[in-house]
Amino acid sequence: MSENIHKSHNVSRLMYHFVFPTKYRRVVIDEEVDKVIKETCIEISKRYEVEFLEIGTDKDHVHFLVQSVPNYSPTQIVKIIKSITAREVFAKCPEVKKKLWGGNFWSSGYYVATVSEHGNEGVIANYVKNQGNEYKKLFRSEGVEGQITLFDK
């Protein structure tokens, strides 16, 4: 569950729902790519003020429920997540690069929506959790209600 983030001159609770489709909507997200994305996102949260509340995949796209600070615009968050996850997926799963041409893992487009702390966070988390026919739970922050083991459906 999200919490207020206290900084020296502000307190915030900014949450975003992002959806990143893979390049050409290719079906390239398998269990190994799931693992790389999850591990990379955990490392991103250690280096940047970006907390992943929920991550879910469906073969050709990934949903992220993210909390961050006002210092980062949604566009900056997208650039951080897309660039680092793509680099790591290509480095650790070289077979994926063969399925995509042009050297990009993610499509240039994405979806973003803000999430309210008073009602929509649970709705969006539930949506991310239950979307898609082949959904796999990749990650759920420890503080989120109803803690679920990784890769459980």
Side-chain angles (χ1 to χ4, degrees), residues 1-23 25 27-89 91-93 96 105-153:
M1 188 67 111
S2 65
E3 295 180 5
N4 287 337
I5 297 174
H6 297 266
K7 303 307 258 174
S8 59
H9 295 286
N10 66 57
V11 177
S12 66
R13 186 180 297 204
L14 298 175
M15 293 174 286
Y16 304 97
H17 173 207
F18 292 107
V19 181
F20 300 165
T22 57
K23 190 71 173 179
R25 281 288 227 192
V27 176
V28 294
I29 300 174
D30 58 16
E31 285 195 31
E32 185 61 28
V33 174
D34 286 347
K35 181 180 173 193
V36 171
I37 290 172
K38 180 196 79 162
E39 290 170 352
T40 303
C41 289
I42 290 169
E43 290 303 312
I44 288 171
S45 29
K46 291 176 184 176
R47 290 184 286 177
Y48 298 90
E49 292 181 289
V50 175
E51 182 71 28
F52 294 86
L53 302 175
E54 187 92 31
I55 304 169
T57 64
D58 195 8
K59 292 190 178 187
D60 66 352
H61 65 279
V62 179
H63 287 255
F64 298 93
L65 180 58
V66 174
Q67 182 177 7
S68 190
V69 294
N71 302 40
Y72 295 133
S73 70
T75 303
Q76 288 172 308
I77 297 168
V78 167
K79 287 178 183 177
I80 290 167
I81 297 170
K82 279 187 170 186
S83 63
I84 297 172
T85 56
R87 183 184 66 224
E88 291 301 309
V89 167
K92 295 178 180 172
C93 305
V96 171
F105 180 74
W106 300 112
S107 168
S108 59
Y110 61 91
Y111 169 83
V112 61
T114 56
V115 179
S116 168
E117 69 179 289
H118 298 294
N120 286 348
E121 180 183 0
V123 171
I124 297 297
N126 195 42
Y127 170 75
V128 170
K129 180 171 65 174
N130 293 312
Q131 65 83 40
N133 294 328
E134 297 292 328
Y135 178 84
K136 291 182 192 170
K137 176 173 291 303
L138 270 193
F139 177 78
R140 186 164 181 114
S141 176
E142 291 179 355
V144 178
E145 294 174 328
Q147 190 170 350
I148 296 173
T149 309
L150 298 177
F151 300 105
D152 279 353
K153 283 193 171 189

Let me see the working for Met15 and Leu53 under side-chain contact (heavy atoms from CB on, under 4.5 Å), right down to the final yes or no. CA-CA 9 Å; Met15 293 174 286; Leu53 302 175; 3.9 Å; yes
Could you go through Ile42 and Glu39, starting from their C-alpha distance and side-chain angles, then the distance that decides it, and tell me whether this counts as side-chain contact (heavy atoms from CB on, under 4.5 Å)? CA-CA 5 Å; Ile42 290 169; Glu39 290 170 352; 5.6 Å; no
Evaluate the criterion side-chain contact (heavy atoms from CB on, under 4.5 Å) for residue pair Phe52 and Lys38; output intermediate values, then yes/no. CA-CA 9 Å; Phe52 294 86; Lys38 180 196 79 162; over 6 Å; no
Quick one, Ile81 with Val66, criterion side-chain contact (heavy atoms from CB on, under 4.5 Å). Give me CA distance, side-chain angles, the key distance, then yes/no. CA-CA 10 Å; Ile81 297 170; Val66 174; 4.3 Å; yes
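Rounded to the nearest 0.5 Å, atoms NE2 (His17) and CG (Leu65) are 7.5 Å apart. Of the inter-residue distances, the one linking Ser12 atom OG with Glu3 atom CD reads 12.0 Å to the nearest 0.5 angstrom. Taking CD of Glu88 as the reference point, atom CD1 of Ile44 lies at 8.5 Å (rounded to 0.5 Å).
At a threshold of 4.5 Å between non-hydrogen side-chain atoms, the residues Ile29 and Thr22 count as touching. Between Cys41 and Ile55, some side-chain heavy-atom pair lies under the 4.5 Å cut-off. Under the 4.5 Å side-chain criterion, counting only non-hydrogen atoms from C-beta, Arg47 is in contact with Ile84. Side-chain atoms of Ile37 and Val62, non-hydrogen and from C-beta on, do get closer than 4.5 Å to each other. Contact check for Leu14 versus Val69: no side-chain heavy atoms found under the 4.5 Å cut-off. Counting heavy atoms from C-beta on, the side chains of Ile77 and Tyr48 never come closer than 4.5 Å.
A side-chain donor-acceptor contact under 3.5 Å links Thr57 and Asp34. Between the side chains of Thr85 and Trp106, at least one donor N or O lies within less than 3.5 Å of an accepting N or O.
Contact check on Lys35 versus Glu32 returns no salt bridge, with no Lys/Arg side-chain nitrogen under 4.0 Å from an Asp/Glu carboxylate oxygen. Checked for salt-bridge contact, Glu49 and Lys7 meet the test: a charged N lies under 4.0 Å from a carboxylate O.
Between the side chain of Ser45 and the main chain of Glu51, no donor-acceptor pair closer than 3.5 Å is present. Proximity of a side-chain donor or acceptor of Lys92 to a complementary backbone N or O of Arg87 within less than 3.5 Å is not detected. Distance alone, capped at 3.5 Å, is enough to place a donor-acceptor pair between the Asp30 side chain and the Val33 backbone. In this structure, Gln76 contributes its side chain and Ser73 its backbone to a donor-acceptor pair below 3.5 Å.
The minimum heavy-atom distance linking Ser2 with Gln67 is given by the pair CB-OE1, 3.3 Å.
The aromatic ring centroids of His63 and Tyr111 lie 6.0 Å or more from each other.
The ring pair (Phe, Tyr, Trp, His ring centres under 6.0 Å) test applied to Phe18 returns Tyr16, Phe20, not counting sequence neighbours.
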